[in-house]
Amino acid sequence: MEDINQLVTIRKEKLKDLYDQGINPYPYGFDRTHQTGDIKKEFDTLEGQNVAVAGRIMAVRKMGKASFCHIQDMQGRIQLYIARDKIGEERYTLFKGLDIGDFIGVTGLVKKTKTGEISVFADSMTLLSKSIRPLPIAKEKEEDGKKIIYDQFSDKELRYRQRYVDLVVNPHVREVFVKRSRIITAMRDFLNKNDFLEVETPVLQPIYGGAAARPFKTHHNALDMTLYLRIANELYLKRLIVGGFDRVYEFAKDFRNEGIDRFHNPEFTQVELYAAYKDYNWLMDFVEQMFNYIANEVNGSPKIHFNGHEIDLTPPWPRLPILEAIQKYTGKDVSSLDENVLKKTAGELNVEVTPDMGVGKIVDEIFGEYVEPHLIQPVFITDHPVEMSPLAKKHRNNPRLVERFEPIIGGKEIGNAFSELNDPIDQRARFEAQMQLRARGDEEAQVLDEDFLRAIEYGMPPTAGLGVGIDRLTMLMTNQPSIRDVLFFPHMRPEK
RNA sequence: GAGCCAGUAGCUCAGCUGGUAGAGCAGCGGCCUUUUAAGCCGUUGGUCCUGGGUUCGAAUCCCAGCUGGCUCACCA
């Protein structure tokens, strides 16, 4: 690619000048003693002390014989005062040739400037890395306590494609991803404290299963066989329950070959966990506690702000069977689960129904249209029709339902759980029903997994299982409107 | 897949009902030892998304396309 960019050309010339002066613009390291945030936090003890800091130059105010600049590290920014008489003429000339985006290391005294800003007054300065491509640098001004940002790097496409730039110049973006990491850490802590074992299972699977979705297909050359990228890890984790690991979980990258929108990315992260000897009632208690724990760890409060709502995750959350929920929000009684009644009801509600849709699907449509958007505060929607849930155990009081729940927060389901089906005869029948759907053209119907059936034929204890979408949970906890805002590198079309 | 919106300098944008392309910031040169959107003086920089059409003349109007964003649909 020809570089028509004059700015890059100029910087490359600067690089050459540096080499000519015997300066290595890419040295091997720098011994820093403090990060920027620590200096600000511990200013009272550090004032007048010598420190060494390093970071990227983000703003600069140059004057004839002294300059100010801000450098940025992982914790934030700090101002440096660079005076010619302090660091020497040669170094000062070097500094004046530097650009926003360059990395430097500085040693010096911690002091406040006349205007009260904590700063490092440099007595030495080292160039740590020369940047040859200009950053789209934003400038900020505070006015009446409000931050006005100029020339913000805001083009969404560029932000997603060049996330490295986004992270450098948009500090709030970094916070989202720090929180994402904390959410996962908190969840892992909570699970470990509750005797769960973190495990890993195959991403490349000869038979995909555990969810209703189309897979990505690939090929293993040496074995000359088709493999699928997993759409879920459910069936493998349950094999481990069979094997005697009573509590397991995995943070899994799953892959689904489907559309992309603000709730869906082709690869996404899901935690699945399984607990032997427990049912879905126990698991609802557990989920409430876990979410409450995470919110407290990450945000310091069980209350979160999402999309203009304040949402309180404090347990207990209401539990509402899906059929009752539909009755409550539409006034229609669909508890008969009669297909004709359901189709008529859907018609009255202007919910589009196609001939191939069964009972479960129609219920799901009505629910999605009339109920789900209203469920802002956390609620467990329970006891779905059996047709939609081939891996869930039948409800102890009603064989047309399963013991399943979905935690719904902010008008969106962010998980799915059930009392796991461990009856091998029933499981085989459910798979066969799915295969019939598949034969009729439902590409998302689940595939019969003979090895999984063999496993549970050996016997699987009663088990409760849960999947939680980490991306959606992060959206919720960080108040982000799109999955692309909680993925470092969301899927994009090829560039150009 | 449908609707709406957008594409002009490295970034953020202006450019009306057609008259030969602008600002701020960044960059470059100069001045400047407490600045913080530092300031002052000077200055470089453009396939106006692409291709057609209308016109004496198109960034601007028309048509087609490309790319992207948002919304809806699809999608656990």
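Below, read A as the first sequence line, B as the second, and so on, with proteins coming before strands; counting in each chain starts at 1.
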Exercise for the section: Provide the distance between the two C1' atoms, one in U8(B) and one in G15(B), to the nearest whole Å. Expected result: 9 Å
Practice task
Measure from CG on Asn416(A) to P on C75(B) and round the result to the nearest Å.
Solution key: 16 Å
Problem - Pairing partner of G42(B) (Watson-Crick or G-U wobble, both distances under 3.5 Å) - result: C28(B)
Completion exercise
Closest to the 5' end of RNA chain B, once Arg84(A) and Asp155(A) are matched to their nearest nucleotides, is Asp155(A)
Practice task
Specify the separation, in whole Å, of atom NZ of Lys62(A) and atom C1' of G29(B).
Solution key: 13 Å
Fill in the blank from the handout: Separation of A73(B) atom C1' from His264(A) atom NE2, nearest Å, is 12 Å
Handout entry: Rounded C1' spacing from G45(B) to C11(B) in Å
Key = 14 Å
Exercise for the section: Ignoring backbone atoms, test whether Arg11(A) places a side-chain nitrogen or oxygen under 4.0 Å from the OP1 or OP2 oxygen of C28(B). Expected result: no
Problem - Any-strand Watson-Crick or G-U partner of A59(B), both distances under 3.5 Å - result: none
Handout entry: Phosphate OP1/OP2 of C70(B): any Lys156(A) side-chain N/O under 4.0 Å
Key = yes
Problem - Flag side-chain contact, heavy atom, 4.5 Å: Thr107(A) against Asp123(A) - result: yes
Practice task
State whether Lys111(A) places a side-chain N or O below 4.0 Å from either non-bridging phosphate oxygen (OP1 or OP2) of U34(B).
Solution key: no
Problem - For G1(B), the Watson-Crick or wobble counterpart (both distances under 3.5 Å) - result: C72(B)
Exercise for the section: Between C32(B), U67(B), C75(B), spot the one nearest the side chain of Glu258(A), thanks. Expected result: C75(B)
Problem - Any Lys361(A) side-chain N or O less than 4.0 Å from OP1/OP2 of C75(B) - result: yes
Handout entry: Length of the line joining Lys86(A):NZ and U35(B):P, which is rounded to integer Å
Key = 19 Å
Practice task
Kindly say whether, by distance alone, the side chain of Ser154(A) makes a donor-acceptor pair under 3.5 Å with the base of U12(B)?
Solution key: no
Completion exercise
Closest heavy-atom pair, Val351(A) versus Glu365(A), reported as atoms and distance to 0.1 Å, is CG1-CB, 3.7 Å
Handout entry: Gap in Å between the two P atoms, one belonging to A2(B) and one to G18(B), rounded
Key = 32 Å
Practice task
Could you check Met492(A) against Leu158(A) and say which one's nearest nucleotide on RNA chain B is further toward the 5' end?
Solution key: Leu158(A)
Exercise for the section: Kindly point out which of A76(B), C32(B), G27(B) is positioned nearest to the side chain of Glu413(A)? Expected result: A76(B)
Handout entry: Lys96(A) atom NZ: more than 12 heavy-atom contacts under 6.0 Å
Key = yes
Problem - Ring-face cation of Lys412(A) near Phe263(A) (centre distance under 6.0 Å, axis angle within 45°) - result: yes
Problem - Nearest-Å distance once atom C1' is located in both C62(B) and U55(B) - result: 12 Å
Practice task
Output yes when at least one side-chain N/O atom of Arg61(A) is less than 4.0 Å from OP1 or OP2 of U35(B), else no.
Solution key: no
Exercise for the section: For the residue pair Asp383(A) and Tyr280(A), confirm or rule out a side-chain donor-acceptor distance under 3.5 Å. Expected result: yes
Handout entry: Separation of the C1' atoms in A9(B) and U47(B), to the nearest angstrom
Key = 13 Å
Practice task
Kindly assign one of parallel, tilted or perpendicular to the pair Phe488(A) and Phe177(A), based on the angle between their ring planes and the thresholds 30° and 60°.
Solution key: parallel
Fill in the blank from the handout: Under a 3.5 Å limit on both distances, the Watson-Crick or wobble mate of U12(B) is A23(B)
Handout entry: Rounded distance in Å between the C1' positions of A37(B) and U50(B)
Key = 37 Å
Exercise for the section: Assign Arg262(A) to base, sugar-phosphate, or nothing according to its heavy-atom contacts below 4.0 angstrom with the strands shown. Expected result: sugar-phosphate
